[in-house]
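Structure first, commentary second.
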Amino acid sequence: MLTAKKKILINPKFKELWMQRLFFVISSTSIFILLLIMIFLFAEGIPVLKKVSFVDFVFGKYWYPTSEPPAFGIFPLIAASVSVTVLSAIISIPLGVMTAIYLAEIASFKVHEIIKPMVELLAAIPSVVIGFFGMVIVSPFLQDVFDVSTGLNLLNAAMMLGFMSIPTICSISEDAISSVPGAMREASFALGATHLETILRVVLPASLSGIITSIILGMSRAIGETMVVLMVAGGAAMIPSSIFDPVRPMPASIAAEMAEAPFRGDHYYALFATGIVLFCFTLMFNLIADHIAYKYKQTGDSTL
Amino acid sequence: MTNQFALPSIKYRKFKQAVFFTLLRFAAIINGTAIAIILFFLLKNGYKVINWTFLTQPPMDSMTRGGILPCIIGTLYLSLGAIVIALPIGIISAIYLNEYARSGRVLRIIRLGINNLAGIPSVVFGLFGLAFFVIYLKMGVSILAGALTLGLLSLPVIIGATEEALKTVPETYREASLGLGATRLQTIFRVVLPCAMPGILTGAILGISRAAGETAPVMFTAAVFFTPDLPSSIFDEIMALPYHIYVLATAGTEIETTRPLQYGTSLVLIALVFGMNLGAILLRAHLKRRMHI
C-alpha cells in the first residue's frame, strides 16, 4: 500500500500529465456553462412556440401577456431595446472615444491619473444605483426642462445607459490607441503634420479595429442592462414614436414579470423566449467584436 | 499656381487643433464629473439616515423605518459565496490558458466561450439560475442558488484578471525554475503563482464587488422582499442591498416616505463597492512593494 502511494508520488511525469488534463477540464467550464445556459434557455423558452408562431412572437405588435386571450408579440420590446441602445450609443460613442483620445494622446500624466480612475469608478457603480439616480434626480429634471408628461422615458434610459457604457468604450479604445507604435507618430510629425493631423490620419486609422470592438462591447452591455431600463424606461410596451415615450425593453420585461408569471405557464415560457432573443442579440454583438479583434489583431507595426 | 498638395496655412491648422483639443478635453471633463454628480446627489440626500441604528437593525413597520442589517449580511454572504465558487475555477482556467495551452483551435474555442460568457446579460444569468439551480437542481430560492449564479457571472472577470497577472510574471522566472530541475507544476505553484498573487487578489476583490452590486441575477434566485430572520443555512432566502433599493424605490406603497432609506441604502452599497475597489488597489500596491516586483 505504502509503496504504491510512494510510486505515484515519485512519478512526477504521471502527476504532471494528469494535472494538465485536470486543468484542461476545469478551463473548459466556461464553454460548458455557456452550453448549459443555452440548453436551459431553450428548454424553458421553446414551448411558447406551441402557443404562437415564431413570426408572430418576434414581429407581433402586441404584448399583453396577462389579458384574456393573452398576446405574446415582443416586437415592441425589441424595438424598445434597439432604440434605447442606439440612442445610448449616440451619447456614449463620441464621449467615450473622445475621452480615450484625450487620455491616450493629450492628457498630462497628472490629469490622466485623475480622470482615468474617475471613469473607472463610473463602471464600478452598481446598475441599480444608476437606475435609482435616473428615477429620483434625472427624471424630474427632464420633466421640468422638456415639459413632458413623464421623465421616465426612452431619453432618460438612454442617458443612463450611455454613461454606463462609456467606461467600456473608453478603456478599450484607450488601450487600442496607446498600442499604436510611437514610431508611426514620429514619422507623421517628421513629415510636418500637426498633432491633430497625426491623431486623425495616423493614430485613429491604426487603432480603428480596437475602437470598433470597444463600441460593440459597449452596445452589448447597454442592450443587456436590466436594472436601469427596469427603473427608468417607463415600462409601456409600445413601439416608441418619440424619445420622450416610455418604453419597455426586453430585460425590463423579463425582470418585472418573472415573479408574477405562473410557473411553466405560457407567460413564463414567453419570458424565457424573450431571454433567448436577448441572448442572441448579445451573442451576435460579441461574435462580431471577437471576429474584428481576432482578424485585425495587431502584431507589431508590420500588419498596419 | 494652384497646387493640389497645398495645405492651409499653419495658423489655421493650429487653430483647428486647438478647437479639437478643447472639445476632447471637454468630453473628458464631462465623464469625470458624471461620477461626481451622482455621488454628490446621493451624499446630499442620504448622509442623514446613515447612523448606527440604520446599519445594525432590521427593517421595521413594513420597511418604512429601521435599518438594513439583513440586506448587508445577505449581500456579503452572496458575494463571498460567489467568490468561493468562482476563484478556484477562474484561477485554474487562467493557468491552463496562460501556462499550458498552445495557440490553436482549442484555445480559440475556450477563449470564445469566456468572452461570450462575459457578454451575457445579467438578467439571462438570472433566468438560467432560476431554471437550472432553483428548479432543476431543486435548490429553491436560496443563498446557494444565488451565490452559484453570481459565481458564474464573475468567472470571466476572475479569469481575465488572473491571466493579466500571470502575463506580468517574467518568462525568465519560469526558465530559471525549470532550469533548476523543477517540474512545470512546481514552477507554477512555487514561482509563477506567488509572483502573480497581487494581481489575482485584485481580480478576486473586483469580482466580489461586481457580484455585490448585481440585482437581476439574485432577484430570481436568492433575494426576497422581506424576511425577518437572518439566514441560518445556505438554503434560506435572504435580503440583498441592491434588491432592497429596487423594492423600496419601485414596489412599495410608501415610495415617497422611504426615499431617505433608499438614498441611505444606495450609499451603503456604493461605500461597500468602492471600499472593495479601494482595498484592491491598496492591497496590490502593498503586495507589490513587499515582493519587489
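A, B, ... follow the sequence lines: proteins, then strands. Residue 1 opens every chain. Not measured: the values here are computed from a predicted model.
Residue A:Ile115 touches chain B through its side chain alone, counting heavy-atom pairs closer than 4.5 Å. Contacts of B:Leu39 with chain A are absent, with no heavy-atom separation under 4.5 Å from either backbone or side chain. Heavy-atom distances place the side chain of A:Ile166, and not its backbone, under 4.5 Å from chain B. When heavy atoms are compared at a cutoff of 4.5 Å, B:Phe274 approaches chain A solely by way of its side chain, counted from C-beta outward. Looking at A:Phe263, the atoms closer than 4.5 Å to chain B (heavy atoms on both sides) all sit in the side chain, from C-beta outward. Interface remark: B:Phe26 contributes no atoms to any contact with chain A (heavy atom separation under 4.5 Å). Heavy atoms closer than 4.5 Å to chain B are found in the backbone of A:Leu271, but not in its side chain. If you measure heavy-atom distances from A:Arg21 to chain B, you find no contacts under 4.5 Å at all. For A:Ile137, the part sitting under 4.5 Å from any heavy atom of chain B is the side chain, from C-beta outward, and nothing else. With a 4.5 Å cut-off on non-hydrogen atoms, A:Phe132 touches chain B through its side chain but not through its backbone. Residue contact with chain B, scored on non-hydrogen atoms closer than 4.5 Å, involves the side chain of A:Thr29 exclusively. For B:Tyr246, the parts lying under 4.5 angstrom from a heavy atom of chain A are both the backbone and the side chain. With a 4.5 angstrom heavy-atom cutoff, B:Glu99 does not touch chain A via any of its atoms. The contact between A:Leu230 and chain B is made entirely by side chain atoms (from C-beta outward), counting heavy-atom distances below 4.5 Å. For chain B, the nearby part of A:Leu41 is the side chain; its heavy atoms alone come within less than 4.5 Å. Heavy-atom distances place the side chain of B:Arg108, and not its backbone, under 4.5 Å from chain A. Only the side chain of A:Ile106 comes within contact range of chain B, with heavy atoms under 4.5 Å apart. Residue contact with chain A, scored on non-hydrogen atoms closer than 4.5 Å, involves the backbone and the side chain of B:Asn116 alike.
Side chains of B:Phe41 and A:Val136 form no contact here, defined as non-hydrogen atoms less than 4.5 Å apart. Between B:Pro121 and A:Ile223 the shortest side-chain heavy-atom distance does not fall below 4.5 Å.
Among all heavy-atom pairs drawn from A:Val128 and B:Pro242, the shortest one is CG2-O, 3.5 Å. The two residues B:Gly119 and A:Ser220 have their closest heavy-atom pair at O-OG, 4.0 Å. Between B:Ala36 and A:Met118, the shortest heavy-atom contact is CB-CE, 4.5 Å. A:Met258 and B:Phe220 make their closest contact through CB-CE2, 3.4 Å (heavy atoms, listed as atom of the first residue, atom of the second, distance). Here the closest heavy-atom approach between residue B:Gly113 and residue A:Ile31 is recorded as CA-CD1, 3.7 Å. Scanning both residues, A:Tyr102 and B:Ala28, for their nearest heavy atoms gives CD2-CB, 3.4 Å.
Ranked by heavy-atom pairs shorter than 4.5 Å toward chain A, the options B:Ile10, B:Leu24, B:Leu155 are led by B:Leu24. Taking chain A as the reference chain and counting heavy-atom pairs below 4.5 Å, the highest number among B:Asn45, B:Leu127, B:Ile92 is found for B:Leu127. In terms of heavy-atom pairs under 4.5 angstrom with chain A, the leader among B:Leu97, B:Ile135, B:Asn277 is B:Ile135. Contacts with chain A were tallied for B:Tyr136, B:Phe20, B:Phe21; B:Phe21 has the most, counting heavy-atom pairs under 4.5 Å. Ranked by heavy-atom pairs shorter than 4.5 Å toward chain A, the options B:Leu42, B:Ile95, B:Leu112 are led by B:Leu112. With chain A as the partner, the residue from B:Ala118, B:Ala18, B:Pro156, B:Ala216 showing the most heavy-atom pairs under 4.5 Å is B:Ala216.
By a heavy-atom distance cut of under 4.5 Å, not one residue of residues 205-212 of chain B is near chain A.
To the nearest 0.5 Å, the span separating OG on A:Ser27 from CD1 on B:Ile114 amounts to 7.5 Å. Taking OG from A:Ser127 and CD from B:Glu214, the interatomic distance works out to 5.5 Å, rounded to the nearest 0.5 Å.
Taking B:Arg13 as the reference, A:Glu197 meet the side-chain hydrogen bond (donor to acceptor under 3.5 Å, both in side chains) condition, with sequence neighbours excluded. Contacts of A:Tyr268 classified as side-chain hydrogen bond (donor to acceptor under 3.5 Å, both in side chains), with partners at least two apart in sequence or in another chain: A:Glu44.
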Using ring-ring contact (aromatic ring centres under 6.0 Å, His included), reason through B:Tyr100 and A:Phe23 one step at a time and then give a plain yes or no.
CA-CA 9 Å; B:Tyr100 285 101; A:Phe23 283 6; 5.7 Å; yes

Using the side chain to side chain donor-acceptor pair (under 3.5 Å) rule, take B:Asn115 and A:Asn286 through it: C-alpha gap first, then chi angles, then the decisive distance, then the call.
CA-CA 7 Å; B:Asn115 287 345; A:Asn286 286 307; over 6 Å; no

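For the side chain to side chain donor-acceptor pair (under 3.5 Å) condition, the pairs that include at least one residue of residues 112-126 of chain A, sequence neighbours left out, are A:His112-A:Glu174, A:Lys116-A:Glu174.
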